[in-house]
Amino acid sequence: MEKISVAIRFRPSAAGDPPADRHWRVQDKSISLVGPGSGVSFAFDHVFDPSYTNAMVYDLLIKSIIQAAVDGFNGTAFAYGQTSSGKTFTMSGSEEEPGIIPLAVEDVFRTTKMTTDREFLIRVSYMEIYNEEINDLLTLGNQKLPIHESLERGFFVAGLREEIVNSAEQVFELLKHGEANRHFGETNMNARSSRSHTIFRMVIESSKRNPMNLGDVSNTDAIRVSVLNLVDLAGSERIAKTGAGGVRLKEGKHINKSLMILGNVINKLSESGRQRGHIPYRDSKLTRILQPALGGNSKTSIICTVAPEEVHIEETRGTLQFASRAKRITNCAQVNEILTDAALLKRQKLEIEELRRKLQGSHSEILEQVILKQRNDMHKSELERERLAMELEEERKARETLELCIKEQQRKIQNLSSLSISSYNTSISTQQKVNSTIMFDELSVSRSDVFRTPNFKAMADDFVVKRPSSFKTVDSNPILENFDNTADEDLWMQLNKGCITDLDTLQMTPNMKHQSLPSLEMSLEPSVDDKISSKRHHSLETDCGFDREQLEALREKCTIRERECSLLREEKASLVEALSLSKQDNEQFRAQKEELLKELNTEKQKMKELKEEIRQFSLAFHQREGLLTSIYTKSKAMMENLNVSKVSIPEVCDS
Ligand code: ADP
Ligand code: MG
């Protein structure tokens with residue numbers, strides 16, 4: 001159990017506008033209010049005056065959450081405060097002074113690179129809650145997304161695009177893209193941005209790297225999955241102050257509603273355990289998404305931004321009160337380790353890792369990109385399949401309900417038909433015996449039929465309309481007698497619902513029967529009765545036809561979805577095929593490489609042999625050369641000797 005970290009950040013006051021610091025006093029980490037409501041002092045984890053930069057705020061308040069997220073803990077950081085108090089500046093920052101989101105993204109990739117004993121898969125999404133609707137900021141037109149809940153994934157936004165990323169630059173590109181989508185078609189960007197909440201989310205999956213057997217994930221390997229939410233909330237100012245009207249008022253109401261529910265959730269959570277009661281997370285999309293961050297399994301930091309000018313003093317008080325209540329919330333964060341296939345890393349790892357290992361030798365960045373693209377394609381088709389399956393399920397349920405409805409309508413029509421026939425018969429027999437004493441038995445068949453028909457239990461009024469057909473001549477209380485034999489408890493209930501006072505009247509004064517039910521008597525006329533029945537019959541048939549049309553439309557939709565589903569399946573199959581083809585290519589590539597290497601080795605060997613031959617040849621050459629040189633020298637010396645002796649011989653002869 002640990003408390004949520006809460007910090008207050010004052011933005012610099014607008015030029016020429018002195019800060020209203022006479023209304024409060026900052027002492028180290030606490031702020032006390034001066035003036036009305038004075039004596040109240042709030043203590044926080046940090047109070048950042050305007051001299052603190054985004055980097056300092058990040059280091060002091062957020063860095064630990066980011067490190068923990070890499071280690072498998074869920075993390076959330078959000079900025080709360082009135083419009084223009086510095087929420088966006090804190091979360092996104094500027095070119096010169098990057099905010100918490102870019103600093104966190106860089107930190108995540110830096111830390112994952114340094115954690116060499118684990119392998120990571122990171123995916124990001126970026127959404128906006130505007131007018132209580134969730135819009136995907138990474139895919140234009142992907143709007144009004146629903147929140148679903150599943151055992152494995154908890155709460156999740158169905159249909160939200162998630163992109164697998166492997167560098168901070170890639171994330172920055174996506175964020176830029178998201179911002180562009182956010183402002184698409186907006187005439188007043190600032191107005192919109194201060195009226196919507198944005199949630200940037202990173203899902204970090206990691207598994208232990210096994211140096212002996214890279215890429216081999218057995219079923220017992222636990223995968224850590226953590227979710228990091230970085231949230232820039234809409235402005236918390238009161239509508240009355242902004243003077244908003246029309247569309248702005250509607251937006252304001254939605255912001256106020258979701259911020260109000262956020263406030264409610266925080267108020268409830270700040271109460272001690274026993275008084276707490278129900279926490280209304282489900283009342284708004286924002287609180288459903290932030291549920292783990294508030295009192296759940298997450299490490300959470302809140303930066304409450306404050307505009308220091310005098311005009312904003314009321315909002316500042318509100319922000320400080322919100323912050324001090326948030327400070328009381330305790331969370332219970334733990335490492336999320338899962339063994340099931342819910343981890344994407346696990347599902348993709350075997351296929352991708354094998355490919356990666358093969359490609360690693362070729363040092364190709366392009367091939368890394370190919371892997372990333374394939375991972376993303378696989379993930380996308382998985383998400384799409386999941387969304388379609390969900391839609392299909394919903395449509396199936398709707399179809400079942402409609403079918404039931406149609407069956408019920410048909411049953412009603414049948415009953416009405418039989419009713420009109422029986423009422424027609426009854427009225428004829430009543431007319432025939434109008435002057436004679438009517439024996440109860442004569443009517444008992446039709447009446448007991450009426451009583452026995454289960455559908456009449458659901459139509460007390462119709463039943464009551466039929467009842468007086470016997471009153472004309474019977475002066476005792478026929479209904480009660482009859483009920484003794486045929487009516488069950490349900491029927492009694494229905495009857496009582498329909499005309500409880502009339503029944504009492506009947507029991508006490510039989511003569512008043514006609515007076516108390518004049519309109520019912522009118523309905524005895526077969527023609528009127530028939531008219532009512534046929535009218536009802538007609539309207540039910542129309543309903544039925546309409547339901548049938550709806551069912552047909554749903555069936556068509558279902559078929560389209562099923563077709564889409566099978567197309568996706570085909571797409572997946574073709575992706576898998578492409579993957580296996582690229583595996584084959586890679587295999588060929590490797591075989592070629594090996595062949596080339598072999599050839600190279602042979603060539604090398606040949607070259608070595610040639611060199612050896614050349615060496616031996618040159619050795620022999622040198623030997624020969626030496627020999628020849630010595631022969632030459634010797635023969636030269638001999639020639640010289642010979643010449644000398646040639647010259648001296650005649651001298652000798654001459655003498
Ligand atoms: P919010 O998102 O709360 O509506 P912004 O972040 O847009 O408010 O801030 C309003 C203005 O104040 C912006 O021009 C922003 O650059 C400026 N600003 C806010 N906080 C700081 C700060 N700490 N240092 C410098 N400028 C700030
Ligand atoms: Mg903003």
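Every number for a ligand or one of its atoms is a count from 1 in the order of the listing. Since we're looking at a predicted model, the values are computed, not measured.
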Against heavy atoms of [X], which atoms of ligand 1 measure under 4.0 Å?
X	result
Arg9	23 (N)
Arg11	12 (O), 19 (C), 20 (N), 21 (C)
Gln82	3 (O)

Please tabulate, one pair per line, all N/O donor-acceptor pairs under 3.5 Å involving side-chain atoms of residues 222-231, not counting sequence neighbours.
{"from": "Arg224", "atom 1": "NE", "to": "Glu337", "atom 2": "OE2", "distance (Å)": "3.2"}
{"from": "Arg224", "atom 1": "NH1", "to": "Asp71", "atom 2": "O", "distance (Å)": "3.4"}
{"from": "Ser226", "atom 1": "OG", "to": "Ala69", "atom 2": "O", "distance (Å)": "2.6"}
{"from": "Asn229", "atom 1": "OD1", "to": "Arg201", "atom 2": "NE", "distance (Å)": "2.8"}
{"from": "Asn229", "atom 1": "OD1", "to": "Arg201", "atom 2": "NH2", "distance (Å)": "3.3"}

Can an N or O of [X] be found at a distance shorter than 3.5 Å from an N or O of ligand 1?
X	value
Thr88	yes
Phe10	no
Lys87	yes

[X] near ligand 1 by a heavy-atom separation under 4.0 Å:
X	value
Gly235	no
Met91	no
Pro50	no
Thr83	yes
Glu97	no
Pro12	yes

*In terms of the angle between their ring planes, are Phe48 and His46 parallel, tilted or perpendicular, with boundaries placed at 30° and 60°?*
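The rings of Phe48 and His46 lie parallel, inter-plane angle below 30°.
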*Parallel, tilted or perpendicular: ring planes of Tyr80 versus Phe322, cut at 30 and 60 degrees*: parallel
Is it the case that the side chains of [Y] and [X] hold a donor-acceptor pair, with the cut-off being a distance below 3.5 Å and no angle test?
X	Y	answer
Thr316	Thr319	no
Ser32	Ser41	no
Asn142	Asn135	no

_the Mg ion (ligand 2) and Met91: any N/O/S contact shorter than 2.8 Å?_
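Short answer: no, not a single N, O or S atom is under the cut-off.
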*Among Arg161, Glu162, Met378, which one satisfies side-chain contact (heavy atoms from CB on, under 4.5 Å) with Leu383?*
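When side-chain contact (heavy atoms from CB on, under 4.5 Å) is applied between Leu383 and each of Arg161, Glu162, Met378, only Glu162 qualifies.
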_Contacts of Asn267 that satisfy side chain to side chain contact (heavy atoms under 4.5 Å, CB included) - sequence neighbours left out_ =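 Applying side chain to side chain contact (heavy atoms under 4.5 Å, CB included) to Asn267 gives Arg325.
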*To the nearest 0.5 angstrom, please state how far the OG atom of Ser196 sits from the CD atom of Glu128.*
4.0 Å
*Winner among Gly93, Gly81, Gly86 once heavy atoms are compared against atom 19 (C) of ligand 1*: Gly86
